[in-house]
Number of protein chains: 2
Amino acid sequence: MAGTQVSDEVAIDDIDQSLINLLREDGRMAFTDMAKQLSIPESTVRYRVQRLLQADVIQIHARLNPKKFAMPHIVTMRFNVERSHIDAVAEALAQLSEVQFVAIVTGHYNIIMDACFGTHEDLLRLFETIHAIPGIIHYDSCTALKLLKSEYQYTVG
Amino acid sequence: MAGTQVSDEVAIDDIDQSLINLLREDGRMAFTDMAKQLSIPESTVRYRVQRLLQADVIQIHARLNPKKFAMPHIVTMRFNVERSHIDAVAEALAQLSEVQFVAIVTGHYNIIMDACFGTHEDLLRLFETIHAIPGIIHYDSCTALKLLKSEYQYTVG
DNA sequence: GAATTTTGCTGCTGTTTTCGCAAATAATAG
DNA sequence: CTATTATTTGCGAAAACAGCAGCAAAATTC
């Protein structure tokens, strides 16, 4: 799992970009709609979109609006890790299912992580799991009290 | 815009939950498919999904896989803000289009924020915008060197 | 540089899906 | 209990889709 960074990059041309932008607004837009808007045949749209999906350049799925729920608990943690363990720790964290975001970063802390879960028991379990990962020198965590925005929609172009 | 937290919550029953879970795996799944899987009529599925979308409980859209690109620059910032300005600053940050995530949190810092952009000029502009927001006492930022995971898929149930 | 394979694009056709409507049913309020 | 509103459901017309096949361009092989 996880690992190789900006490895398998893909060439995205203007058409792909337009398709992506349309699908970013409405993931269920009909192929024929997109075709009309871009003045290209529907079969081409279908071919391109399928290719983008297959190559895992995009995924199309429903996202829950966390504001419409008893908000799940969201926690951010920052880790200071022994240099030689950075990758291993980051990968270990990334494999935990409650973990939503992991990155290796500049600065005093080496790794940042966001996680979200339903109950405090889950959080406790998360801490226990983290304590079992070797190489972590120090970490701190803080809990979200109010979520203002949570999009995580990377743009292209 | 923004603001009222866990305000307008919505009641989600088992059917909604099943539909959401199906759409989380494949946002383009046909209504008839879901109907078959749940053994309910297609028109009901359609009614429910439309309602979920309209009530903004879910959104369906394409997400770019950042690993397949020249990764956009990702920056995390933490802000220490005058108590009376916390909400205002958070809302101001949330309105910036490059900003992906904003939350008010426990701990020494009051607000955390993630943003992502294509070029360093964009980052510079972001900093200028931030400097113009009143109430910020102190902040620090760090840049992602390697992105391990970025899901932000909140689960239900 | 010719032949062959791969890759990408497009039109076509039968099949499936969606859509729009309206009746039936259930839930809620007065 | 009745009026009102919300939800479910079936049905037929219209639209969208899947799959294939044909073609052209690009890449690869010989």
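Note on naming: letters A, B, ... go to the chains in the order of the sequence lines (proteins, then strands), and numbering restarts at 1 for each one. Atom set for the values below is all heavy atoms of this structure, side chains included, hydrogens, waters and symmetry mates excluded.
For the atom pair CG (B:Asn65) and CD1 (A:Ile58), the distance works out to 10.5 Å, reported to the nearest 0.5 Å. Here CG of B:Leu124 is found 5.0 Å from CD of B:Glu128. Values are rounded to the nearest 0.5 Å. In this structure, the separation between CD1 on A:Ile20 and CG on B:Leu64 is 5.0 Å, given to the nearest 0.5 Å. One finds the CG atom of A:Leu148 at 6.0 Å from the CD atom of B:Glu91 (value rounded to the nearest 0.5 Å). A distance of 5.5 Å separates CG in A:Leu145 from OG1 in B:Thr106, rounded to the nearest 0.5 Å.
One hydrophobic cluster, built from ILVMFWY side chains closer than 4.5 Å, holds both B:Ile40 and B:Ile12.
Looking at heavy atoms from C-beta onward, A:Met113 lies out of side-chain contact with A:Val89 at the 4.5 angstrom threshold.
Residues of residues 34-59 of chain B having a heavy atom closer than 4.0 Å to DNA chain C, listed by number: B:Glu42, B:Arg46. Residues from residues 25-33 of chain A that place a heavy atom under 4.0 Å from any atom of DNA chain C, listed by number: A:Arg28.
Taking both residues in full, the closest heavy atoms of A:Met29 and A:Met34 are given as O-CE, 3.2 Å, listed atom of the first, atom of the second, then distance. A pairwise comparison of heavy atoms in B:Leu126 and B:Leu96 identifies CD1-CD1, 3.8 Å as the closest pair. In terms of heavy-atom proximity, B:Ile111 sits nearest to B:Ala90 at CD1-N, 3.7 Å.
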Side-chain donor-acceptor pairs under 3.5 Å in residues 133-144 of chain B, sequence neighbours left out?
{"unit_1": "B:His138", "atom_1": "NE2", "unit_2": "B:Tyr109", "atom_2": "OH", "d": "3.4"}
{"unit_1": "B:Tyr139", "atom_1": "OH", "unit_2": "B:His131", "atom_2": "NE2", "d": "2.8"}
{"unit_1": "B:Asp140", "atom_1": "OD1", "unit_2": "B:Arg78", "atom_2": "NE", "d": "3.2"}
{"unit_1": "B:Asp140", "atom_1": "OD1", "unit_2": "B:Arg78", "atom_2": "NH2", "d": "3.4"}
{"unit_1": "B:Asp140", "atom_1": "OD2", "unit_2": "B:Arg78", "atom_2": "NH2", "d": "2.4"}
{"unit_1": "B:Asp140", "atom_1": "OD2", "unit_2": "B:Tyr109", "atom_2": "OH", "d": "3.0"}

For residues 115-122 of chain A, please give each side-chain donor-acceptor pair under 3.5 Å, one per line with the distance, not counting sequence neighbours.
{"unit_1": "A:Thr119", "atom_1": "OG1", "unit_2": "A:Glu121", "atom_2": "N", "d": "3.4"}
{"unit_1": "A:Thr119", "atom_1": "OG1", "unit_2": "A:Asp122", "atom_2": "N", "d": "3.3"}
{"unit_1": "A:Thr119", "atom_1": "OG1", "unit_2": "A:Asp122", "atom_2": "OD2", "d": "3.2"}
{"unit_1": "A:Asp122", "atom_1": "OD1", "unit_2": "A:Arg125", "atom_2": "NH2", "d": "2.5"}
{"unit_1": "A:Asp122", "atom_1": "OD2", "unit_2": "A:Thr119", "atom_2": "N", "d": "3.3"}

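Running 5' to 3' along DNA chain C, contacts with non-hydrogen atoms of chain A at under 4.0 Å begin and end at C:dG8 to C:dT18.
Each end of the helix from C:dG1-D:dC30 to C:dG30-D:dC1 gets its own axis from five base pairs, and the two axes differ in direction by 50°, given to 10 degrees.
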